[in-house]
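Working notes for the structure below.
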Amino acid sequence: MNNYELEIQFTEDALKAIYAAGEKIIITKEVAGSKGKSVCWVSTLPFLNNSVKWTEEYMLYASREEAMNGATISKLSDVDAISEVIYDFDNAIFDNAHTSSDVGKNEYGLSNQMDQYSYLTFGLAQKVTVNGARTEGRPINAVTLPYNHTATFSPIEKVRVCLANDLNNGMVITKEFSTAIDVTYSGTETKKTIAYDNTKGMFVPIG
């Protein structure tokens, strides 16, 4: 598994403007397959130099929160996930991991077998370290899944970074932000650096 790092740099003038606006750094991650809606993975106040680190490890989670814009996803059950298998979600736990032709390499699958509810919300979660503070696995996407339906998630090492003043960790996002920049890790790339250009009001890649 790979370890990834994103450095985010600001100038003093940029920080003054950002704090005056009450904005924070917001980071989301991309998921293919049953991707559902994006969830705010990181929401943090910026410093001059910021470091975001994560490892290529994922969790599956279940929630009763509806995957709608502005909702905050609370994990009720989760499991450290293994790729290329499907988990049955029954009795409020992820169990009976089994191989399936529906789940390929770098894919994580689940089948909702909880007939007590017409639907539940599922997705991937991932641990992240922000400026030295390590967090538990935070949701990165949210999918509404009816009973006896299956979902497969394929995470992509691509993050979107923006500034916003109304988003917190775990909140579902459906809108776009003008300051957003996409940062993609491909091949052997494991570290990227971006900076906020205060004159342009946007992030730019610098490494």
Side-chain angles (χ1 to χ4, degrees), residues 1 3-4 6 24-44 52-98 103 106-161 164 166-175:
M1 69 189 70
N3 297 311
Y4 295 92
L6 174 65
K24 295 177 286 188
I25 299 172
I26 305 299
I27 303 177
T28 61
K29 287 201 70 180
E30 186 162 324
V31 177
S34 308
K35 60 182 179 180
K37 295 182 173 64
S38 293
V39 176
C40 178
W41 182 45
V42 171
S43 173
T44 186
V52 181
K53 299 179 180 180
W54 66 95
T55 301
E56 202 173 13
E57 296 176 309
Y58 294 90
M59 307 165 71
L60 288 167
Y61 77 86
S63 174
R64 290 202 62 197
E65 296 291 340
E66 188 173 352
M68 58 185 296
N69 185 50
T72 298
I73 302 297
S74 298
K75 295 187 302 173
L76 298 179
S77 298
D78 57 27
V79 67
D80 291 332
I82 301 172
S83 64
E84 300 183 65
V85 301
I86 286 183
Y87 292 79
D88 290 334
F89 187 76
D90 198 4
N91 299 315
I93 61 173
F94 294 92
D95 200 7
N96 187 35
H98 55 280
V103 187
N106 194 42
E107 290 185 335
Y108 302 81
L110 67 94
S111 176
N112 180 13
Q113 297 300 310
M114 285 280 288
D115 59 2
Q116 295 91 337
Y117 303 97
S118 57
Y119 69 87
L120 290 169
T121 295
F122 297 93
L124 288 176
Q126 190 173 29
K127 297 176 182 178
V128 60
T129 299
V130 182
N131 292 333
R134 184 174 173 83
T135 68
E136 63 178 38
R138 290 178 177 168
I140 61 176
N141 70 318
V143 173
T144 299
L145 197 64
Y147 165 66
N148 208 29
H149 283 58
T150 298
T152 59
F153 308 115
S154 181
I156 299 170
E157 292 309 330
K158 176 181 178 180
V159 298
R160 173 165 288 186
V161 186
D166 57 351
L167 291 174
N168 295 310
N169 297 319
M171 288 184 68
V172 177
I173 305 172
T174 59
K175 59 183 178 179

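Heavy atoms only: backbone and side chains are in, while hydrogens, waters and symmetry mates are out.
Taking CH2 of Trp54 as the start and CZ of Arg138 as the end, the distance is 13.5 Å to the nearest 0.5 Å. Here Glu56 contributes atom CD and Ser83 contributes atom OG; the two are 9.0 Å apart, rounded to the nearest 0.5 Å. Taking OG of Ser77 as the reference point, atom CG of Asp95 lies at 11.5 Å (rounded to 0.5 Å). Rounded to the nearest 0.5 angstrom, Thr129 OG1 and Lys53 NZ are separated by 7.5 Å.
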For residues 147-155, which side-chain donor-acceptor pairs fall under 3.5 Å, sequence neighbours excluded?
unit_1: Asn148; atom_1: OD1; unit_2: Gln113; atom_2: NE2; d: 3.2
unit_1: His149; atom_1: ND1; unit_2: Tyr147; atom_2: O; d: 3.1
unit_1: Ser154; atom_1: OG; unit_2: Asn106; atom_2: O; d: 3.4

Pairs of donor and acceptor atoms involving the side chains of residues 116-126, under 3.5 Å and at least two apart or interchain, shall be tabulated with distances.
unit_1: Thr121; atom_1: OG1; unit_2: Glu65; atom_2: O; d: 2.6
unit_1: Gln126; atom_1: OE1; unit_2: Lys29; atom_2: NZ; d: 2.8
unit_1: Gln126; atom_1: NE2; unit_2: Thr55; atom_2: O; d: 2.8

Would you be so kind as to tabulate the donor-acceptor pairs closer than 3.5 Å made by side chains of residues 85-94, with sequence neighbours excluded?
unit_1: Tyr87; atom_1: OH; unit_2: Ile82; atom_2: N; d: 3.0
unit_1: Asp88; atom_1: OD2; unit_2: Asn96; atom_2: ND2; d: 2.7

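The salt bridge (Lys or Arg N to Asp or Glu O under 4.0 Å) test applied to Asp166 returns Lys175, not counting sequence neighbours. Tyr61 meets the ring pair (Phe, Tyr, Trp, His ring centres under 6.0 Å) test with no other residue; sequence neighbours excluded. Listed by chain and number, the residues in a salt bridge (Lys or Arg N to Asp or Glu O under 4.0 Å) with Arg160 are Glu176, Asp182 (sequence neighbours excluded).
In this structure, the side chain of Lys24 engages the main chain of Leu167 through a donor-acceptor pair within 3.5 Å. No donor-acceptor distance shorter than 3.5 angstrom exists from the side chain of Asn141 to the backbone of Gly36, with no hydrogens or angles considered. Side-chain atoms of Ser43 do not come within 3.5 Å of backbone N or O of Ile26 as any donor-acceptor pair.
The closest side-chain heavy-atom distance from Val161 to Val52 is not below 4.5 Å. For the pair Glu57/Met1, a side-chain contact is recorded, criterion being any heavy-atom separation below 4.5 Å from C-beta on. Taking 4.5 Å as the limit, some side-chain heavy atom of Leu76 sits within range of a side-chain heavy atom of Arg64.
Minimum interatomic distance between Trp41 and Lys127 (heavy atoms only, all atoms of both residues): CZ2-O, 3.9 Å. Shortest non-hydrogen contact noted between Pro146 and Asn112 is O-ND2, 3.3 Å. Heavy atoms only, all atoms of each residue included: Val143 and Ser34 are closest at CG2-O, 2.9 Å.
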(request) For Leu145 and Leu110, run side chain to side chain contact (heavy atoms under 4.5 Å, CB included): C-alpha distance rounded to whole Å, both residues' side-chain angles, the deciding distance at 0.1 Å, then the answer. (result) CA-CA 10 Å; Leu145 197 64; Leu110 67 94; 3.4 Å; yes

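None of Thr135, Asn169, Ile140 except one satisfies the side-chain contact (heavy atoms from CB on, under 4.5 Å) rule with Val128; the exception is Thr135. With Val130 as reference, Val42 is the one residue of Ile27, Leu6, Val42 to meet the side-chain contact (heavy atoms from CB on, under 4.5 Å) rule.
For Glu84, the CD atom counts as densely surrounded, since its 6.0 Å shell holds more than 12 non-hydrogen atoms of other residues, nucleotides or ligands.
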